[in-house]
Protein chains: 2
Amino acid sequence: MRKGIKDVARLAGVSVGTVSHVLNHPELVTPETAQRVRDAMDELGYVRNEPARQLALRGRSELIAMIIPAITDVFFLDVVDGAQQAALLAGAELMVASSEHDLEREQRQLQTLEQRRVRGVLLSPAVDASLDGVRALQRRGTPLTLIGPAFGRRGFCSVSIDERSGGRQVGEHLAAAGHRRVAYAGTPLAVHHVRERFEGLVEAVPEAQVTAVDVAGWQPGGGLPALAELLAAPAARRPTAVFCANDLIALEALAECAARGLSVPGDVAVVGYDDMPFTRSAAVSLTTVAQPQEEMGRRSVELLLREDADGATHRHRSVLLQPQLVVRGSSAAQRRRAG
Amino acid sequence: MRKGIKDVARLAGVSVGTVSHVLNHPELVTPETAQRVRDAMDELGYVRNEPARQLALRGRSELIAMIIPAITDVFFLDVVDGAQQAALLAGAELMVASSEHDLEREQRQLQTLEQRRVRGVLLSPAVDASLDGVRALQRRGTPLTLIGPAFGRRGFCSVSIDERSGGRQVGEHLAAAGHRRVAYAGTPLAVHHVRERFEGLVEAVPEAQVTAVDVAGWQPGGGLPALAELLAAPAARRPTAVFCANDLIALEALAECAARGLSVPGDVAVVGYDDMPFTRSAAVSLTTVAQPQEEMGRRSVELLLREDADGATHRHRSVLLQPQLVVRGSSAAQRRRAG
DNA sequence: CCGATCGATTGAAACGCTTCATAACGATCC
DNA sequence: GGATCGTTATGAAGCGTTTCAATCGATCGG
């Protein structure tokens with residue numbers, strides 16, 4: 001049914017070798033012959049058979065695959081975007097799959113990618129994934145770089161973000177504005193990046209009293225009762241700043257303040273994390289921390305391609321990216337009453 | 001370097017045919033032999049060569065590809081998610097690529113997908129794409145279904161959303177609440193879905209005066225001067241409701257109201273579109289229109305697989321999905337002063 | 001005018017797999 | 001005991017491509 005190189009050869013009156021040459025080494029073929037072959041291709045609607053090609057070349061495809069834990073996680077949008085740009089520059093294609101935080105799916109996807117002989121894999125592992133399978137794959141010759149926290153991940157290239165620095169930047173900003181009582185609203189500290197940010201914060205405000213507010217179980221629109229309670233305290237004990245583990249929580253913190261008649265940033269400063277698009281559009285524009293997602297994607301592709309190029313002489317690298325505090329209205333610097 | 005089926009055969013002391021059988025037709029092989037072969041595979045770290053397999057089977061892969069116009073467009077997150085679920089159910093893999101609104105990239109991606117002999121393609125075309133290339137691809141035997149507006153796209157299966165109905169639902173909601181002056185804030189009406197929503201709105205509020213506010217050039221945090229001007233009018237001429245073409249604009253409209261001391265929904269009702277996560281967390285929770293993205297993805301995969309199964313007898317189908325008004329605080333029903 | 005040289009083209013081998021017709025081998029039956 | 005059968009294993013053919021050694025003409029220097 002489908003036309004192959006042979007049909008083209010017959011129609012053009014040349015051998016299959018020649019047809020292949022016009023595809024891969026046009027300089028070896030007379031322009032006229034080449035044209036005749038191309039005409040034949042058009043006429044037949046010839047489409048190269050990539051699997052066959054790959055087989056003959058006993059090689060890798062130009063496909064880079066990226067596995068992320070959840071396709072609906074907006075954090076990865078720009079990571080993918082950056083990776084895509086870098087891949088394009090290198091003449092490779094990028095495709096994305098999602099493990100949905102399921103270790104088994106992750107393994108299966110890695111397996112089919114290896115079977116497809118992809119050029120390399122960018123992996124942001126499902127949370128508590130054991131990396132044994134990944135190591136094996138790598139040993140068998142598929143380059144792989146890790147995206148996300150690098151701890152305990154020797155033997156791989158990896159790109160991660162300095163979460164602690166993000167917390168520290170927020171802390172320094174708040175300390176400079178004279179805050180002495182700050183609340184940290186986040187999901188359980190057991191989650192790696194949530195804790196790192198917290199510790200960065202604490203580190204940077206040694207003279208302040210920091211209260212961790214666990215919002216486990218929170219979901220958008222659900223309110224923040226634990227935080228509300230804190231804000232209900234008399235002014236002298238009430239936190240003067242709230243640092244939230246992400247922007248959505250921060251937006252809701254804003255609402256809690258408004259509901260209590262507390263002005264932001266007058267009475268309470270609010271800081272988010274992630275710099276999502278809506279942070280600029282909120283009633284009080286949100287101070288937040290921008291993450292270098294796009295760069296994360298870009299660098300990970302670069303590491304991957306380098307690993308591929310280096311071959312046996314390769315030495316793994318870990319890249320640590322810096323987040324960036326973005327000061328906006330919700331924490332605007334101002335004179336504070338003594339607190 | 002890499003081990004093949006032959007190496008496995010040699011090590012297990014069987015023929016290549018047998019090895020292949022344990023992979024594809026285990027029932028034809030004695031359990032003991034099968035075990036021996038599997039042990040050999042493990043020992044050698046054998047990984048199936050998918051391209052070779054595909055070639056031998058002269059067939060399609062189990063890979064479904066989806067091309068979206070922009071990887072950073074949050075709208076598609078749940079579309080991809082739904083598609084992924086459906087694909088998984090059907091035993092296929094889904095991979096995503098993005099054309100970045102570039103017709104040329106889209107074409108190139110379609111081409112490499114065809115060369116890879118994917119099982120089918122879900123395409124959300126770059127805006128003003130001509131579909132000729134796509135038609136050719138389809139004629140050559142790659143099933144393809146379209147995601148997005150169906151107009152002028154005969155000859156394909158497609159899944160789209162009834163944008164007009166979304167506008168109508170908002171209109172009916174506002175009309176029922178007694179609004180007589182409503183503003184529509186959106187990017188140029190030339191954009192298909194923006195216009196459709198507008199027309200739905202107008203259709204549903206025949207007795208009201210509707211003002212279209214063009215926010216072309218707007219970006220998050222930029223403010224909405226055109227809308228602000230409207231809101232600055234004396235109460236008797238000021239719109240009592242603002243319908244925004246997306247939630248981000250609506251959030252900003254909320255801020256404009258607050259800045260002018262207008263209460264929402266008391267003085268002005270605000271309605272958004274898309275039902276993004278933050279709509280529940282805003283100071284005034286946002287009335288908006290939820291889009292059936294996840295279903296969109298699911299249905300498109302179903303159509304694709306059906307087309308693949310039907311073969312020549314296939315008749316194209318168009319599915320039109322209904323969006324769903326979600327009423328929240330920013331337009332809460334209430335007694336209105338005569339307006 | 002002949003051998004050498006060069007450029008264009010050819011055809012076959014190889015890539016790793018699946019499958020199919022065939023063989024090998026017991027067990028079963030008359 | 002020989003024919004027949006069923007089960008299991010075999011090896012060669014074929015999938016569509018690329019590449020490489022070989023071929024074929026034509027051109028060139030002497």
Side-chain angles (χ1 to χ4, degrees), chain A residues 1-38 40-41 44-63 111-112 114-118 140-142, chain B residues 1-41 44-62 111-112 114-118 140-142:
Chain A
M1 169 74 261
R2 211 144 193 164
K3 304 307 184 179
I5 216 178
K6 255 189 246 169
D7 305 284
V8 175
R10 194 174 323 124
L11 180 57
V14 299
S15 73
V16 294
T18 304
V19 175
S20 177
H21 278 153
V22 355
L23 251 20
N24 304 293
H25 309 280
E27 73 281 5
L28 298 181
V29 168
T30 331
E32 297 81 59
T33 319
Q35 195 50 54
R36 207 146 31 89
V37 170
R38 282 202 210 88
M41 285 178 171
L44 294 174
Y46 169 74
V47 177
R48 208 185 218 173
N49 184 321
E50 180 65 26
R53 170 164 214 256
Q54 225 173 298
L55 178 58
L57 293 177
R58 65 218 62 174
R60 290 264 158 62
S61 68
E62 285 308 285
L63 187 63
Q111 192 189 358
T112 79
E114 189 179 10
Q115 291 180 170
R116 289 208 158 81
R117 303 292 193 259
V118 296
R140 270 180 246 115
T142 302
Chain B
M1 168 72 260
R2 211 143 192 164
K3 304 307 184 179
I5 214 178
K6 256 190 247 168
D7 306 285
V8 175
R10 195 175 321 124
L11 180 58
V14 299
S15 73
V16 294
T18 303
V19 175
S20 177
H21 277 154
V22 355
L23 251 20
N24 304 293
H25 308 281
E27 73 280 4
L28 298 181
V29 169
T30 333
E32 297 81 58
T33 318
Q35 195 50 54
R36 207 144 33 88
V37 170
R38 281 200 209 88
D39 290 346
M41 286 178 171
L44 295 174
Y46 170 75
V47 177
R48 208 185 217 174
N49 184 323
E50 179 66 25
R53 170 165 214 256
Q54 226 173 298
L55 179 58
L57 292 177
R58 64 218 59 165
R60 289 262 157 62
S61 68
E62 285 308 282
Q111 192 189 1
T112 81
E114 189 179 9
Q115 293 181 352
R116 288 209 160 80
R117 303 290 194 261
V118 296
R140 270 180 245 117
T142 302

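Numbered from 1 within each chain, the chains take letters A, B, ... in sequence-line order. Since we're looking at a predicted model, the values are computed, not measured. Reckoned from all heavy atoms, side chains included, excluding hydrogens, waters and symmetry mates.
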Side chain of [X], backbone of [Y]: donor and acceptor closer than 3.5 Å?
| X | Y | result |
| --- | --- | --- |
| R116(B) | E114(B) | no |
| R48(A) | Q115(B) | no |
| R36(B) | A34(B) | no |
| E50(B) | S61(B) | no |

(message) Between T30(B) and L55(B), which residue's closest nucleotide on DNA chain D lies nearer the 5′ terminus?
(response) T30(B)

(request) Compare all side-chain heavy atoms of V47(A) with those of Q111(B) and state whether any distance is below 4.5 angstrom. (result) no

Within this structure, what is the [atom1]-to-[atom2] distance between [X] and [N], rounded to whole angstrom?
| X | N | atom1 | atom2 | value |
| --- | --- | --- | --- | --- |
| Q35(A) | dT9(C) | CD | P | 14 Å |
| K6(A) | dA12(C) | NZ | P | 12 Å |
| R53(A) | dA14(C) | CZ | C1' | 16 Å |
| D7(B) | dC15(C) | CG | P | 11 Å |
| E27(A) | dA8(C) | CD | P | 10 Å |
| I5(B) | dG16(C) | CD1 | P | 11 Å |
| L23(B) | dC17(C) | CG | P | 9 Å |

Heavy atoms only: give me the nearest [X]-[Y] pair and the separation to one decimal.
| X | Y | result |
| --- | --- | --- |
| Q54(A) | P51(B) | NE2-CG, 3.4 Å |
| V22(B) | V29(B) | N-CG2, 4.2 Å |
| L55(B) | N49(A) | CD1-ND2, 4.5 Å |

(request) On DNA chain D, reading 5' to 3', which nucleotide is the first and which the last to sit with an atom under 4.0 Å from a heavy atom of chain A, could you check? (result) dG16(D) to dC20(D)

(request) Could you check Y46(B) against L23(B) for side-chain contact (heavy atoms from CB on, under 4.5 Å), going step by step and ending with a plain yes or no? (result) CA-CA 12 Å; Y46(B) 170 75; L23(B) 251 20; 4.1 Å; yes

Produce the list of close N/O pairs, under 3.5 Å, pairing protein atoms with atoms of nucleotides 19-21 of chain C; give distances to one decimal.
from: dT19(C); atom 1: OP2; to: H25(B); atom 2: NE2; distance (Å): 2.9

